[in-house]
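Structure first, then comments.
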Amino acid sequence: MSSGRVLWARTFALVTSIGLGAGAAALFLQFGAADGFQTVDGVRAALVLITTFWLAWGAMQSVEGLILSRKPPPPLTTAITTRTAVLMPIYNEDPGMVFARVAAMDNSLMRLGMSEHFDFAILSDTQDDRMGLEEERWFVHLWNDRSQAARKAKGQAPRFFYRRRRRNIGRKAGNIQDFLETSGANYDFALILDADSVMEGATMTDMVRRMQAVPKLGLLQTLPRITGAQSRFGRAMQFAAGFYSPIFAQGQAAMQGVTGPFWGHNALIRVRAFAESCALPELSGPPPFGGHILSHDYVEAALLARAGWSVRVDPDLSGSYEEGPENMIDFAKRDRRWCQGNLQHIRVISAPGLKTWSRFVFFQGILSYIAPLFWMMFLAASLYAAATAPEPDFFPEPFQLFPVFPSDQTSKAVGVAVGVIGLLVFPKVLILVDAAFRGRVSQFGGTVTALRGMLRELVMSSINAPIMLMWQTRAVLQVLTGHDGGWPAQTRGDGRLTLPEAFAAGWWIQLWGVAVIFFTYSFAANLMLWVLPIGVPLLLAPLVIWITSQPSKPPVFLTPEEVSLPRVIADYRLITDQWAQSTAAPNATAVEASA
Amino acid sequence: MMIHSSSSFMTDALAVETCKDAVLRDASIPDAPLVMPLQVIEASSAKAARAPVGRPARRLSRLLSLLAQGFGRTARGG
């Protein structure tokens with residue numbers, strides 16, 4: 001994409017977002033100051049400016065995604081002349097599942113006759129020795145399954161590697177760095193995955209060909225689709241990721257140009273470029289702001305761009321998959337980690353030599369977690385303003401014969417509220433219309449099923465949003481007060497919660513719901529209707545957490561991957577089942593291999 | 001009999017362990033080192049202040065950079 005087009009995309013989004021934010025703030029100021037200007041009116045207008053800007057910025061990404069969407073380029077058929085290491089960093093994961101994914105991806109490459117260009121390296125950071133032994137047992141099983149002993153007998157080098165670090169210095173970024181420092185010179189490219197990632201062989205080879213074609217390309221990111229969700233929450237996220245994210249990603253790609261993102265996995269790196277520019281230092285001082293960089297991926301993308309390499313996201317690359325959290329608690333745990341990582345970027349935003357856009361990306365990441373605080377402050381300021389509003393003075397002049405009624409500016413506040421809701425809903429409606437027009441809805445069960453999915457997702461996200469707001473606010477406050485969230489392992493499985501589990505996670509949110517409703521009723525009863533959409537979900541938080549974790553079945557939230565299961569995922573599930581039956585004792589196969 | 005079974009079990013376990021060790025040895029990641037120079041992320045503000053000033057855009061960029069560094073220092077309580 002040309003730099004002029006990128007500049008246009010950025011300017012258009014920025015000017016429109018600032019304009020909408022400023023317009024909303026001006027309207028709200030007129031409403032707030034109708035009974036005389038108070039400081040709190042200025043504060044509320046400023047908060048409206050920031051929050052509306054942020055919502056408009058998100059909406060502009062979808063608008064630009066729709067306007068600037070381009071036909072995917074024709075597939076390259078050039079010969080692959082490079083070697084790629086497929087890196088699977090793991091940390092306290094179920095090894096059987098992880099290695100089954102590796103086997104499925106290898107099968108996919110073998111079907112294309114391309115497996116000789118790819119090696120697989122399982123990079124374990126598992127700190128639990130018992131789990132480490134399990135990994136070793138399962139790796140022996142994978143080794144046998146992939147006939148590596150026979151390969152060795154023919155004098156060929158193995159294609160599957162396993163390494164476990166006893167100390168997980170630098171966490172995932174340190175794990176990758178350790179591999180590159182030990183074995184990087186063997187490879188041109190490295191495909192970085194997560195433990196739950198799966199990719200089609202055709203996608204891997206396509207990425208390699210694209211990387212070969214552009215020598216300045218340092219990193220190529222795919223847009224992974226969420227698969228395998230089983231709960232209401234998980235399937236709603238899966239639907240949203242499948243239906244909306246490609247459009248948002250196209251908008252992002254248009255704005256980012258060659259200063260694109262790295263999301264930490266399902267991305268191909270040029271080993272030399274990454275090695276030259278991405279060895280991360282520890283930040284001075286203790287966590288949460290110092291120490292190892294948690295959200296290393298954003299920083300690595302910025303450092304690649306600083307060194308002159310292109311970083312690109314290609315949303316048209318299909319066949320890239322991951323799994324998502326199945327319930328709100330797991331989502332909040334992941335969000336806590338991301339929150340700390342993004343806020344830590346306050347320290348990185350000033351790194352010397354970064355491109356302005358990279359700094360802006362850090363700013364966006366920080367704002368995405370601080371924005372909930374602004375919403376909370378707006379709610380508090382509005383309740384305060386309503387509780388302390390002066391009584392209307394109908395006779396401001398002495399000896400006045402007729403009363404003067406203060407001008408009613410309520411319609412302006414309603415206009416701002418409608419506009420804010422519009423910014424949330426409008427992009428989704430546009431995407432649905434576009435999908436219906438282009439026929440993309442057929443992959444989601446047709447227009448009616450997609451519309452049902454959209455409406456249900458809107459309702460669910462409206463109910464979930466205040467609860468998420470509370471978790472995010474708590475996370476931000478924890479980080480700002482110096483609490484390190486650590487690096488908990490990800491939870492996998494169906495994510496179904498019991499009511500006591502949901503209550504244990506959500507009781508404090510429920511208390512806040514009671515407080516908000518009680519305060520509004522006591523001091524600002526005229527705002528009750530506005531506050532209920534926030535207060536009621538808070539009040540029902542444990543119930544919402546529990547209900548959304550329960551199983552969900554199609555056709556609602558139907559995704560293309562549920563309509564037609566991708567080959568690599570079908571293969572992964574088959575292998576998992578076969579291995580579960582045949583490897584109750586992986587030791588047995590180990591003996592066979594040694595014979 | 002019990003002694004025989006026990007010793008057979010131990011022999012099997014030993015064989016399995018030996019095999020596992022051999023596989024893990026063969027599967028150790030290749031030795032092909034690559035140097036990764038540590039990147040500079042935290043720069044002192046004095047260094048930024050000494051940087052040459054050029055066109056207005058560069059001045060603005062430097063100003064933003066200094067502001068951002070101030071932000072960073074505040075975050076680490078410096």
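In this text, all values refer to a predicted model and were calculated from it rather than measured experimentally. Within every chain, numbering begins at 1; the chains are lettered A, B, ... in the order of the sequence lines, protein sequences first and strands thereafter.
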Partner residues of A:R306 under the salt bridge (Lys or Arg N to Asp or Glu O under 4.0 Å) criterion, sequence neighbours left out: none

A:E181: partners by salt bridge (Lys or Arg N to Asp or Glu O under 4.0 Å), with sequence neighbours left out: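 Partners of A:E181 under the salt bridge (Lys or Arg N to Asp or Glu O under 4.0 Å) test: none.
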
Check ion pair A:K172-A:D125 (N to O, under 4.0 angstrom): no

Against chain B, label [X] side chain, backbone, both or neither, depending on which of its atoms sit under 4.5 Å from a heavy atom there.
X	result
A:E300	neither
A:F160	backbone
A:L303	side chain
A:Y187	side chain

Who among [options] has the most heavy-atom pairs with chain B under 4.5 Å?
options	result
A:R163, A:R272, A:R159	A:R163
A:G290, A:C278, A:P286, A:A157	A:C278
A:L354, A:L123, A:L283, A:V348	A:L283
A:N186, A:L343, A:T182, A:I293	A:T182
A:P281, A:G285, A:P158	A:P281
A:A302, A:S277, A:A307	A:S277

Close side-chain approach of A:Q344 and A:S295, heavy atoms under 4.5 Å: no

Side-chain heavy-atom pair A:R347, A:F362 within 4.5 angstrom cut-off: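 Result no, sub-4.5 Å side-chain heavy-atom pair not found.
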
Among A:R166, A:E135, A:R165, side-chain hydrogen bond (donor to acceptor under 3.5 Å, both in side chains) partner for A:T126: A:E135

Residue pair A:Y298 / A:N342, side-chain donor-acceptor N/O under 3.5 Å: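 No, no side-chain donor-acceptor contact under 3.5 Å.
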
Top contributor to chain A contacts, counting heavy-atom pairs under 4.5 Å, from B:L38, B:V35, B:L34: B:L34

Atom pair CD1/CD1 of B:I41 and A:I349 - distance to nearest 0.5 Å: 13.0 Å

